[in-house]
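This report refers to the structure that appears directly beneath it.
Chain letters run A, B, ... following the sequence lines, proteins first, then strands; residues in each count from 1.
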Number of protein chains: 2
Amino acid sequence: MGRTGDSRERIVRASARLLLSRSYGSVSVDDVCAAADVRKGSFYHFFPSKADLAKAVVDLHTDALLDRLAAAAGTSAAARLHGVADAVGAIQTRFESRFGRVVGCPFGNLAAELSTVDDTLRDHVASAFARWEREFAVICHRAHQDGALRDGVDPDRLAHSLLAHTQGRILLAKVGGHSAADVATGLHELIDVHLREGAV
Amino acid sequence: MGRTGDSRERIVRASARLLLSRSYGSVSVDDVCAAADVRKGSFYHFFPSKADLAKAVVDLHTDALLDRLAAAAGTSAAARLHGVADAVGAIQTRFESRFGRVVGCPFGNLAAELSTVDDTLRDHVASAFARWEREFAVICHRAHQDGALRDGVDPDRLAHSLLAHTQGRILLAKVGGHSAADVATGLHELIDVHLREGAV
DNA sequence: TCATCCGTTGACCGACCGGTCAACTACCGC
DNA sequence: GCGGTAGTTGACCGGTCGGTCAACGGATGA
């Protein structure tokens, strides 16, 4: 082994950073190798193609997100719902301070750019979204059982709606140059309008 | 003039089609020229760069969208609100039948891929979104004046929320392989929860 | 001690990228 | 008829792209 054997991890982390600050198409394998201080041959030792690297990056973000969502506390179901909005806001705020601006959602960025280009990658991102939505759905169902949801609000559909809203808000903040805090505020509003009057 | 002098238009229309079916990064200037049956020199006679072509495509879609939104009829303000959801659904359904799948929003796709890469392009797309949101806002304000909106719902914030939701739903449909009809349904639901009970 | 194997290196490749250019052509106003 | 000009053509360019490969090195286990 050359140095410490953490080359693969350095590659994934470096490309996660580069993909957020730019885009899949504008980040070359050479860029990634330079940022990770790894030679190209090593890169292709770990990843059969650039697309596979992107999948690894998706997995990295998926693990991080699911951890964060699980850690999001909250006593009542309604508070838990607001907790996920806070979690999303916290992640975006962290990206914002790291890159100096809202740079989008790691999943959403790849989904928008590559869904129509690489079908296996599309499928991979879709799975990540599905897991994310399932986490939301669990919380929505709990809120439903607690009677915190407005009449006629279906928990599964609310979960999907929440995810869509998250993606849309982040995208608009990215293109419009808004702040990550606005994203969180918008999500809180969306949640409130779905909660029964008088719920926390 | 070589043929009929409609080269520029052919270029824009061909690249509008290619950008929707693929992505900015995966569509080359050569691809566009081939699809438009135009030689590369002609392309660069009309557009100083590939990015400028993308701006022209944005303008094309902006005009089409604003026309469509203006044509969306509706007697009551609430019906008008649902009318914009139908308009979005109709556009997406048309794309779906043209390309065999949901291919995303022309603005959203470019916003996600290029906001962090090309600042002038980002600004151009942001302007298009701003005009779109303003159209939504006009209708939301009308609904507000008519007392159709739930208490505490701010019309401007609702317009932004509606736009975000539109983008998010389209993105999720694109990556998840859902239908354009689902997008419209989701938008109708979002509108309904913001309307006062008993409003049409 | 030695073979094995994972990781590493750097040179290399053909294709394709966005973009340029000088020459040519057909129209239009004069 | 003639000059100017908008449009067109095809050859051309340097750079970069994703990806390949043979050779090498150092730890590990027998």
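For the OP1/OP2 pair of dG18(D) and a distance below 4.0 Å, the side-chain nitrogens and oxygens of S49(A) include no atom meeting the criterion. In terms of phosphate contacts, S28(A) brings a side-chain nitrogen or oxygen within less than 4.0 Å of OP1 or OP2 of dC17(D). Between dG7(D) and H45(B), a contact under 4.0 Å exists linking OP1 or OP2 to a side-chain N or O. Contact annotation: Y44(B) reaches the phosphate of dG19(C) (side-chain N/O to OP1 or OP2, under 4.0 Å).
Comparing dG10(D), dG18(C), dG18(D) against the side chain of V29(B) picks out dG18(C) as the nearest. Between dT8(D), dG18(D), dC17(C), one nucleotide has an atom nearer to the side chain of D30(B) than all others, and that is dC17(C).
The distance from atom CG of D31(B) to atom C1' of dG18(C) is 12 Å, rounded to the nearest whole Å. Look at CG on D37(A): it is 17 Å from P on dG7(C), rounded to the nearest Å. Rounded to an integer number of Å, the gap from R39(A) CZ to dC6(C) C1' is 17 Å. Rounded to an integer number of Å, the gap from CZ of R22(B) to P of dC16(C) is 13 Å. The separation between L53(A) atom CG and dC17(D) atom P is 15 Å, rounded to whole Å. Residue K50(A) contributes atom NZ, which lies 8 Å from atom C1' of dG18(D) at whole-angstrom precision.
Seen from the ring of Y24(B), K50(B) counts as a face-on cation partner, given the 6.0 Å and 45° thresholds.
Using a 4.5 Å heavy-atom cutoff, the side chains of L65(B) and F107(B) are in contact. Put simply, the side chain of W132(B) reaches to within 4.5 Å of the side chain of C105(B), judged on heavy atoms.
When all heavy atoms of V57(A) and V12(A) are compared, the closest pair comes out as CG2-O, 4.0 Å.
Inspection of the H144(B) and D154(B) side chains reveals no N or O donor paired with an N or O acceptor under 3.5 Å. Side-chain contact check for T120(A) and D123(A): no donor-acceptor pair (N or O, by modelled atom type) lies under 3.5 Å. Residues T185(A) and D182(A) bring no donor and acceptor atom of their side chains to less than 3.5 Å of each other.
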Report summary line: Base-pair string, DNA chain C, Watson-Crick plus G-U, cut-off 3.5 Å on both distances, | for inter-strand, is ||||||||||||||||||||||||||||||
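For the pair Y24(A) and G41(A), both in contact range of DNA chain D, the more 5′-proximal nearest nucleotide belongs to Y24(A). Comparing F43(B) and G25(A), the nucleotide of DNA chain D nearest to each residue sits closer to the 5' end for F43(B).
The base of dG10(D) has none of its N or O atoms less than 3.5 Å from a complementary donor or acceptor on the side chain of K40(B).
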